Visitor: 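I'd like to ask you about the structure that follows.
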2 protein chains.
Amino acid sequence: MKEIDCAISALRSKNIRPSIARIKILEYLSHTTAHPTVEVIYHSLLPEIPTLSKATVYKTMSLLVEAGLARLLYGEDCEAHYDANISDHGHFQCTRCGRIYDFTVDLDNLEAEGLEGFTVVEKNIFFRGACPRCLSD
Amino acid sequence: MKEIDCAISALRSKNIRPSIARIKILEYLSHTTAHPTVEVIYHSLLPEIPTLSKATVYKTMSLLVEAGLARLLYGEDCEAHYDANISDHGHFQCTRCGRIYDFTVDLDNLEAEGLEGFTVVEKNIFFRGACPRCLSD
DNA sequence: TTTCGTGCAAATTATTTGCACTCCC
DNA sequence: GGGAGTGCAAATAATTTGCACGAAA
C-alpha cells in the first residue's frame with residue numbers, strides 16, 4: 001500500500017475526514033524521524049501546498065495527537081517546568097488535573113539499543129496517565 | 001543546616017553570587033515537588049519579595065539550570081515536537097546541534113516505585129547529551 | 001444545504017532582550 | 001567606582017481563537 005493510502009486509512013479509522021492537509025501532514029510525519037516542530041512541518045509542506053497556513057498545521061496536530069496518530073514529545077503545554085531534584089527519577093503527569101508526581105526508577109539497568117557512540121549526560125523519564133486522586137473522583 | 005544556608009552554599013559552590021532572588025528561588029524549588037513553572041515560582045515568591053519581576057525569575061532559572069542546580073523537564077525549547085511513531089521508544093536530544101534521535105528501549109521491564117494506584121497511559125523516555133556527529137567534530 | 005476544513009488576522013501566552021538604576025565588593 | 005543583579009517595558013516567538021469563505025457529504 002502506498003504511503004498516502006496508509007495515511008488516508010489511518011485517518012478514516014479514527015473517523016477523521018482525510019483532507020489534503022491532514023493526509024500530507026500525517027504522511028510527512030510518518031516518513032521522517034526528525035521529530036519536527038510545527039514550524040518545520042509548515043515549511044516542508046509549503047512547496048506542495050502553497051495555501052497552507054500555520055494555524056491549520058496547529059489544528060491538525062492537536063487533532064492527530066488527540067486521535068493517537070501522533071504524539072507530542074515533552075509536556076502538554078509549552079511552559080517550562082523546573083525541578084531541583086537532580087538525581088535520576090521519573091515524572092508522571094496526570095492528564096486530567098495536570099499535576100506532576102515524582103517516582104523512583106532505576107535507569108542504570110535500562111537496556112537501550114541504538115545509542116552506541118552517544119554520550120548521555122541526562123536521563124529523563126516521563127509518564128502520562130491518570131493519578132489516584134483523579135481516579136477516585 | 002537551615003534550608004536557606006543550604007541554598008547559599010549550593011550557589012557559592014557553583015560560583016554564583018547568592019543574591020536574594022537566587023537564594024529564595026533555589027530554596028523554593030528545593031522544598032516543593034510541584035515542578036513549578038516560571039509563572040508559579042513568580043507568584044509564590046511575590047509576597048516575600050514584592051519587587052520581584054518575571055524577567056528575573058527567567059534569568060535566574062537559566063542560570064540554575066546551566067549550573068546544574070535545577071533541571072528543566074521536557075526539552076530545551078518550548079516548541080512542541082511531534083512524532084508519528086506511537087510505539088514505546090526513547091528520544092535522545094543532542095545539546096550541541098539540537099537534533100533528536102530515536103532509540104529502542106524496553107519500557108515494560110522498567111522497575112518503577114511510587115506509581116501504585118496510577119494508570120499509566122503513555123511512557124516517554126528522553127535522554128540528552130552529545131551525538132556522534134558532534135563528538136567527531 | 002448544511003456541515004466541515006481552511007486560511008487569514010488578531011489575540012493570547014511564553015520568553016528574551018535592552019537599558020537604566022541600584023547595590024554591594 | 002565598577003561590575004553584577006534587578007526590574008521595567010518593549011520585542012520576539014509560539015500558540016490559540018474568531019470568523020468568513022469555499023469544498024465536500
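Every chain is numbered from 1 and lettered A, B, ... according to where its sequence line falls, protein lines coming before strand lines. Keep in mind that the numbers below use all heavy atoms, side chains included, and drop hydrogens, waters and symmetry copies. Bear in mind the structure is a predicted one, so any value in this text is a computation, not a measurement.
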Visitor: With a 4.5 Å limit on heavy-atom distance, are the side chains of A:R128 and B:V121 in contact?
Guide: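 No, too far: nothing below the 4.5 Å cut-off.
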Visitor: Whole angstrom is fine here: how far is it from NZ in A:K54 over to P in C:dC8?
Guide: 13 Å
Visitor: What nucleotide among D:dT6, D:dT17, D:dG7 has an atom nearest to a side-chain atom of B:L52?
Guide: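 Nucleotide nearest to B:L52's side chain: D:dG7.
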Visitor: What is the distance, to the nearest angstrom, from the CG atom on A:L63 to the C1' atom on C:dC4?
Guide: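 Atom-to-atom, A:L63 to C:dC4, this comes out as 11 Å.
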Visitor: Nearest to the side chain of B:S19 - D:dG5, D:dT17, C:dT6?
Guide: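 From the listed options, D:dG5 comes nearest.
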Visitor: Between B:I16 and B:Y42, which has a closest nucleotide on DNA chain D that is more 5'?
Guide: B:I16
Visitor: Keeping the roles fixed (side chain from B:T32, backbone from B:Y28), state whether a donor-acceptor pair exists under 3.5 Å.
Guide: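 Here the side-chain-to-backbone pair does not exist.
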Visitor: Does D:dC8 have OP1 or OP2 sitting under 4.0 Å from an N or O in the side chain of B:S53?
Guide: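 No, because none of the side-chain N or O atoms of B:S53 sits under 4.0 Å from OP1 or OP2 of D:dC8.
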Visitor: Would you mind reporting whether A:V65 and A:R71 have side-chain heavy atoms less than 4.5 Å apart?
Guide: no
Visitor: Quickly work out the A:N15 CG to C:dG5 P distance and round it to whole Å.
Guide: 11 Å
Visitor: Within this structure, what is the CD1-to-P distance between B:I20 and D:dG7, rounded to whole angstrom?
Guide: 10 Å
Visitor: Can you check the A:M61 CE to D:dA14 C1' distance for me, whole Å?
Guide: 15 Å
Visitor: Roughly how many Å is it from CD1 in A:I23 to C1' in C:dG5, rounded to a whole number?
Guide: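 The distance from CD1 of A:I23 to C1' of C:dG5 comes to 12 Å, rounded to the nearest Å.
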Visitor: Please report, rounded to the nearest Å, how far the C1' atom of C:dC23 is from the CD1 atom of B:I49.
Guide: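 Rounding to the nearest Å, CD1 of B:I49 and C1' of C:dC23 are 15 Å apart.
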Visitor: Let's test your reading of the model: under 3.5 Å, does the base of C:dG18 pair with the side chain of B:K59 as donor and acceptor?
Guide: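 Yes.
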Visitor: In whole angstroms, how far is the P atom of C:dT15 from the CD1 atom of B:I41?
Guide: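 Taking atom P of C:dT15 as the reference, CD1 of B:I41 is at 11 Å.
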Visitor: I need the B:M61 CE to B:L69 CG distance, nearest 0.5 Å.
Guide: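 If we round to the nearest 0.5 Å, B:M61:CE and B:L69:CG are 9.5 Å apart.
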Visitor: DNA chain D: B:T56 or A:A55, which has the more 5' nearest nucleotide?
Guide: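 It is B:T56, whose closest nucleotide lies nearer the 5' terminus.
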Visitor: Strictly distance-based, threshold 3.5 Å: is any side-chain N or O of B:R22 a donor or acceptor partner for the main-chain N or O of B:T60?
Guide: no
Visitor: Compare side-chain N and O positions of A:R17 against OP1 and OP2 of C:dT3 and report whether any pair is under 4.0 Å apart.
Guide: no
Visitor: Kindly say if B:Y58 contacts the phosphate of C:dT16, meaning a side-chain N or O under 4.0 Å from OP1 or OP2.
Guide: no
